[in-house]
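Presented below is the structure to which this report refers.
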2 protein chains.
Amino acid sequence: MTTNNSLGEAIEVLQQLGLKEYEARCFVGLSRLHTGTAKQLSEMTEVPRTRVYDAVRVLEAQGLVEIQHSSPQQFRAVPLDEATETLRDQYEDRVERLHDALDTVEIVEEDDETPVQQVWAMSGRDTIENRTNQLIDEAAVEIVLVVGDESLLTEALVASLNEVGNGVDLLIGALTESLQEQIQTAVPDATTFISGLEWLHSEDATEDETAIGRLVLIDRSTILVSSLMPDTMEEQAIFGEGFGNGLVVIARRLMAQGLLTARDPKQ
Amino acid sequence: MTTNNSLGEAIEVLQQLGLKEYEARCFVGLSRLHTGTAKQLSEMTEVPRTRVYDAVRVLEAQGLVEIQHSSPQQFRAVPLDEATETLRDQYEDRVERLHDALDTVEIVEEDDETPVQQVWAMSGRDTIENRTNQLIDEAAVEIVLVVGDESLLTEALVASLNEVGNGVDLLIGALTESLQEQIQTAVPDATTFISGLEWLHSEDATEDETAIGRLVLIDRSTILVSSLMPDTMEEQAIFGEGFGNGLVVIARRLMAQGLLTARDPKQ
DNA sequence: CTTTTTGTGATTAAACGAGTTACTTTTCAA
DNA sequence: TTGAAAAGTAACTCGTTTAATCACAAAAAG
């Protein structure tokens with residue numbers, strides 16, 4: 001049911017932005033029509049003619065189309081830039097209201113016995129990248145980072161890495177030589193390496209296995225490990241903090257084991 | 001059914017942002033809990049315990065909460081700033097995709113007989129304000145503007161008004177003296193006035209009638225008139241362009257009639 | 001004056017979301 | 001070890017929303 005062209009994309013996105021199907025269809029229809037009647041729209045968009053009127057009215061109320069009250073009435077879409085700006089404003093307003101509403105309250109302390117062993121799961125590339133960068137920003141002593149895939153080396157990451165204080169050790173591992181070089185040039189202050197990472201690879205043949213995404217160890221007390229789902233390439237991560245955390249301890253040992261051999265001989 | 005405090009607001013806004021009710025409730029619940037179990041959440045948010053799990057999973061997938069897979073599992077909300085940033089990113093991405101998808105296509109010329117008489121309807125304060133400012137920016141010769149309510153004199157409007165080229169006549173009318181003064185100080189270059197506007201007021205007594213919002217006449221060829229709904233204060237406008245446009249002609253005459261008497265004697 | 005178009009309103013059927021229940025698994029205390 | 005409570009999963013019910021159709025009044029067009 002995918003409409004071949006990019007119009008389908010537009011319809012989908014509009015629905016994600018909160019419009020109903022008919023509304024979305026009508027809007028993209030109008031976007032390529034300069035001006036149109038209910039009939040034209042109906043034919044072009046597959047929206048039943050009698051429902052075009054409702055859809056367009058909603059769109060008008062949202063500031064996305066204009067209506068000419070003649071007979072037959074004519075519709076036209078607001079200029080694209082104006083429309084996107086309107087949507088942006090709408091959303092920005094909402095996010096702001098949310099922020100205001102929540103940062104006033106926020107505090108409900110209860111009888112707390114925070115267990116030491118904290119391991120949290122996160123998913124979604126953006127989420128994980130945000131967290132990664134934040135961790136890097138907060139590092140005080142040492143950052144050990146292994147990047148498993150080129151696509152994860154984003155501008156924001158590089159920026160964060162280049163901003164670490166100079167009291168902080170910066171060790172970055174890569175799975176391939178080309179990636180290593182890329183990193184070394186992007187982040188001159190870092191010590192980069194490759195070997196010692198064999199344990200990250202799957203020993204078995206079938207290559208469509210879960211791949212390592214990132215691996216972050218901050219100040220030897222906080223760790224984040226992510227993997228890339230083989231099919232969707234969606235990223236999932238676990239994230240542990242606290243010195244006493246078992247996961248962190250294990251990771252620390254593993255890294256020390258795997259890295260020392262690489263660190264000392266190579267430079 | 002309004003939850004007294006600002007938490008209700010947060011829930012509402014989250015739903016406007018696309019979350020389901022349970023998801024919204026769970027998120028605000030977690031926002032004030034630092035960390036919580038399904039049971040705690042259920043009690044605090046009125047979400048059935050058995051449905052908390054689904055809701056939280058969705059939230060996790062959106063990068064809004066983290067899950068600790070222990071037993072019982074623990075949930076916590078991402079820091080507020082991180083959450084809002086995530087939402088912002090999501091939306092920005094969508095709007096951008098929409099923009100890309102639409103500005104590639106845009107053109108479907110058909111056998112065109114564009115009627116001369118174009119009058120378009122718009123609604124929503126933001127929409128109308130955007131259009132107003134845009135019209136002002138594009139004016140080449142003359143701007144006649146009447147502001148019917150103080151709340152319409154926004155920063156953006158003032159900015160636009162102060163940026164008009166100096167070949168452009170700028171006439172601004174107000175319905176009250178205080179508004180006039182306010183405008184004159186905000187926009188020094190403008191010629192402001194009051195009288196000659198009697199025809200804008202409703203002659204009848206009942207004051208909860210539709211009020212005039214703005215009235216914009218650009219280069220004597222484009223007009224925008226808006227009114228404020230008495231109950232909701234929502235703004236609605238009609239917008240006509242083209243020299244031959246009947247509405248514009250009438251408006252021009254009316255304005256000339258009503259304004260000249262005010263313009264010449266007064267300065 | 002008839003026949004299309006245009007527009008409104010009501011109606012049906014399917015999809016979805018909120019709320020509930022039954023049932024399995026785990027945890028914890030006797 | 002066992003029995004009860006808590007945690008987690010999965011299925012189902014009910015009401016609302018939404019896509020889609022239909023019947024009909026009002027307005028152009030011929």
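The model shown is predicted, which means the values in this text are computed figures rather than measured ones. Lettering follows sequence order; numbering is per chain, from 1.
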Here the distance between atom P of D:dA6 and atom CD of B:Gln73, to the nearest Å, is 17 Å
Which atom names give the shortest non-hydrogen contact between A:Pro72 and A:Thr37, and what distance separates them? CG-CG2, 4.3 Å
So, taking the atom named CG in B:Leu98 and the one named CG in A:Leu80, what distance separates them when rounded to the nearest 0.5 Å? 6.5 Å
Considering non-hydrogen atoms only, spot the tightest contact between B:Ile67 and B:Gln73 and give its length. CG2-NE2, 3.7 Å
Might you point out which heavy atoms bring A:Leu102 and B:Ala10 nearest each other, and give the distance in Å? CD2-CB, 3.8 Å
Can you see which heavy atom on A:Thr127 is nearest to which on A:Met122, and at what distance? CG2-CE, 3.6 Å
Encode nucleotides 15-30 of chain D as B, S and - characters from 5' to 3', where the letter depends on protein heavy atoms closer than 4.0 Å: B to the base, S only to sugar-phosphate, - to neither. ---SSBBB----SS--
One would report the end-axis bend of the helix from C:dC1-D:dG30 to C:dA30-D:dT1, five pairs per end and rounded to 10 degrees, as 10°
Hey, what do you get for NZ (A:Lys20) to CG (A:Asp54), rounding to the nearest 0.5 Å? 13.5 Å
In terms of the angle between their ring planes, are A:Tyr53 and A:Phe75 parallel, tilted or perpendicular, with boundaries placed at 30° and 60°? perpendicular
Results of salt bridge (charged side-chain N to carboxylate O under 4.0 Å, His left out) for B:Arg97 - residues two or more places apart only: A:Glu9, B:Asp93
Closest approach of B:Glu138 and B:Asp219, non-hydrogen atoms and distance? O-OD2, 4.4 Å
Any pair with a residue in residues 82-91 of chain A that passes salt bridge (charged side-chain N to carboxylate O under 4.0 Å, His left out), sequence neighbours left out, goes on the list, sorted by first then second residue, please. A:Glu82-B:Arg131, A:Glu85-A:Arg88, A:Arg88-B:Glu92
Leading and trailing nucleotides of DNA chain C with any atom under 4.0 Å from heavy atoms of chain B: C:dG17 to C:dT27
Let me confirm one number: the CG-CG distance from B:Leu19 to B:Leu59, rounded to the nearest 0.5 Å. 6.0 Å
Using a heavy-atom distance cut-off of less than 4.0 Å, which residues of residues 53-65 of chain B contact DNA chain C? none
Let me know which of B:Leu217, B:Val216, B:Ile218 forms a side-chain contact (heavy atoms from CB on, under 4.5 Å) with B:Ile223. B:Leu217
